[in-house]
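Counting starts at 1 for both ligands and their atoms, in listed order.
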Amino acid sequence: MARYVFITGGVVSSLGKGLASAALGALLQARGYTVRLRKLDPYLNVDPGTMSPTQHGEVFVTDDGAETDLDLGHYERFTGIPASKKDNITTGRIYQDIIAKERRGDYLGGTVQVIPHVTDAIKHFVRDGNEAFDFVLVEIGGTVGDIEGLPFFEAIRQLGNDLPRGDAIYIHLTLLPWIPSAGELKTKPTQHSVKELRSIGIQPDILLCRCDRPIPPEERRKLGLFCNVRESAVIEARDVDTIYEVPEAYHREGLDTEVLRAFGIEPQAAPDLTRWREVTRRVRQPEGEVTIAIVGKYTGLKDAYKSLYEALVHGGVANTVKVNVDWIESEIFESADPAPYLEHVHGILVPGGFGQRGAEGKIRAATFARERKVPYFGICFGMQMAVIEAARSLAGVSEANSTEFGPTPEPIVGLMTEWVRGNALESRHAEGDLGGTMRLGAYDARLRQGSKVAEIYGSNDISERHRHRYEVNTDYRERLEEKGLVFSGMSPDGLLPEIVEYADHPWFVGVQFHPELKSRPFEPHPLFASFVEAALAQSRLV
Ligand code: GLN
């Protein structure tokens with residue numbers, strides 16, 4: 001029977017609830033328990049797929065093709081367990097289901113209400129399919145007191161009574177701000193936040209307190225007393241210099257011990273944190289460094305490229321080097337020469353993206369990388385732009401473009417209207433809905449024997465996660481291959497280009513999928529490990 005840990009947040013947003021949940025998951029795993037992590041998002045979008053990454057950060061895609069919250073990326077990276085569409089739900093999705101049922105007549109004669117219909121749907125989602133797990137960690141998005149979060153808080157409150165006594169606990173993550181003029185860490189915002197939580201019927205069992213310095217005994221006593229929590233359950237969550245240190249840091253402060261005790265379990269041996277120590281050591285004591293330019297268009301918000309950044313860190317871990325990132329707005333290259341921005345970097349990465357703004361700048365970055373023989377990694381949109389670049393500069397197709405930006409006489413990249421998933425044909429048309437209709441999730445690809453990517457993967461068959469509506473047009477394949485751009489990865493039916501590479505370049509790879517989504521600190525993705533290795537070789541040249 002699964003035990004439930006509900007994780008809520010207070011005081012301010014962005015305290016790292018997702019990371020805290022992922023770290024607790026990793027600690028319980030390191031003690032030999034099986035865990036599952038799930039996220040409840042109170043916003044009204046059915047999923048984050050239609051939101052700009054500058055609003056809500058990256059959209060994390062699961063193997064089974066769901067567009068989910070970026071916290072699921074933390075869960076995967078920390079526990080190594082692939083997330084699924086069943087691990088994230090939003091208010092929008094819940095209402096969509098309920099309203100569809102209402103129209104069908106399932107509630108005939110009844111009034112459909114937040115309590116019990118919405119709360120029941122949330123509870124059903126939370127409890128569904130957990131038989132095989134020792135612990136289910138459920139993170140509630142937003143902060144306590146948000147109007148849209150209320151049904152979720154009510155649902156997890158009810159679950160405290162629905163579940164057998166002692167099978168659910170509540171952790172509240174808060175902030176203890178340091179006030180320099182008073183020279184004190186302040187507990188009042190946390191007291192207010194807990195008061196708010198208690199007013200809706202939830203008494204936290206554990207307080208996880210974000211702070212930038214140690215919590216003095218007096219403040220700890222106050223927190224315990226005023227928040228009705230035992231002092232040992234006030235856990236200091238101090239800032240750390242790498243996120244991969246978080247599990248160990250929380251363990252040192254007693255988080256996993258307190259969680260087990262809250263369930264009446266007396267902890268036995270200490271958790272085995274060897275692999276976390278090794279990752280942290282490599283991050284802390286690199287033997288060199290490289291600089292990678294990320295030429296993108298959502299560079300204002302780091303969360304927009306969360307998995308990408310972490311995958312580069314993992315590539316660094318694989319090579320025991322530090323990866324510095326230069327974030328460059330690609331639009332700059334539409335009026336300025338890229339050289340001064342790119343001459344000193346050891347690798348250029350053009351990530352996924354949507355829309356025309358900044359596209360020409362990305363193409364110029366690809367030209368620079370190709371001509372100057374700087375390692376280039378094009379991901380999804382970054383691959384598409386590299387192929388357009390090759391068509392224009394090498395194959396003489398001067399009007400080469402993507403139909404994503406409007407009608408073009410030379411559609412090097414075009415709208416995908418049909419493709420095969422397993423044994424089924426998926427089809428879309430230009431006027432269809434935009435939400436949830438891309439080529440999404442894991443697809444197999446076959447790699448060309450003897451290609452660079454086959455060597456990097458150590459295999460000719462791979463599976464990677466996709467999220468795109470357009471594809472490279474194979475009508476141009478021959479002309480491009482003649483000029484040296486090898487189509488080294490294709491869909492199993494041979495119709496969709498998955499990877500391109502130049503044989504006569506130290507490292508120039510474009511992939512139609514998102515390898516960053518599958519990279520983990522303990523298993524750095526081979527493409528990222530290899531790209532950072534190539535950047536390291538480049539650093540010895542410049
Ligand atoms: N906009 C492009 C497409 O839809 C690329 C998408 C992406 O980079 N994820 O095909």
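Ring geometry, His466 versus His468: the interplanar angle falls from 30° to 60°, so the pair is classed tilted. By the 30° and 60° cut-offs, the orientation of the rings of Tyr298 relative to Tyr305 is tilted.
Ligand 1 is never approached by Met416 to a heavy-atom distance shorter than 4.0 Å. At a 4.0 Å cut-off, not a single heavy atom of Glu471 sits close enough to ligand 1 to count as contact.
Ligand 1 has a nitrogen or oxygen under 3.5 angstrom from a nitrogen or oxygen of Phe381.
With ligand atoms numbered from 1 in the order given, ligand 1 contributes 3 (C), 4 (O), 10 (O) to contacts under 4.0 Å with heavy atoms of Tyr470. For ligand 1 and His514, the ligand atoms under 4.0 Å from any heavy atom of the residue are 9 (N). Near Gly352, the atoms of ligand 1 lying under 4.0 angstrom from a non-hydrogen atom of the residue are 8 (O). In summary, the atoms of ligand 1 found under 4.0 Å from a heavy atom of His468, numbered by their order in the structure, are 3 (C), 4 (O), 6 (C), 10 (O). For ligand 1, the atoms sitting less than 4.0 Å from at least one non-hydrogen atom of Arg467 are 6 (C), 7 (C), 9 (N), numbered in the order shown with element in parentheses.
Counting only heavy atoms of the protein, atom 7 (C) of ligand 1 lies nearest to Cys380 SG, 3.0 Å. The shortest contact between atom 5 (C) of ligand 1 and any protein heavy atom is with Gly353 O, 3.3 Å. In this structure, atom 1 (N) of ligand 1 lies nearest to the protein heavy atom Glu404 OE1, 2.8 Å. From the protein, the heavy atom lying nearest to atom 4 (O) of ligand 1 is Arg469 N, 2.9 Å.
For the pair Asp146 (side chain) and Glu148 (backbone), a donor-acceptor distance under 3.5 Å is absent.
When only modelled atom types and interatomic distance are considered, Glu58 and His514 share no side-chain donor-acceptor pair under 3.5 Å. Looking at Glu139 and Tyr75, their side chains do bring a donor and an acceptor atom within 3.5 Å of each other.
A cation-pi contact, defined as under 6.0 Å to the ring centre and within 45° of the axis, links Arg275 to Phe522.
For the side chain to side chain contact (heavy atoms under 4.5 Å, CB included) criterion with Val453, the lone passing option out of Leu527, Asn460, Val511 is Leu527. Screening Phe377, Tyr376, Phe531 against Phe508 for a ring-ring contact (aromatic ring centres under 6.0 Å, His included) leaves a single residue, Tyr376.
Under the 4.0 Å criterion applied to side-chain N and carboxylate O atoms, Glu329 and Arg357 are assigned as salt-bridge partners.
Counting heavy atoms closer than 4.0 Å to ligand 1, residue Gln384 contributes side-chain atoms (C-beta onward) but none from N, CA, C or O.
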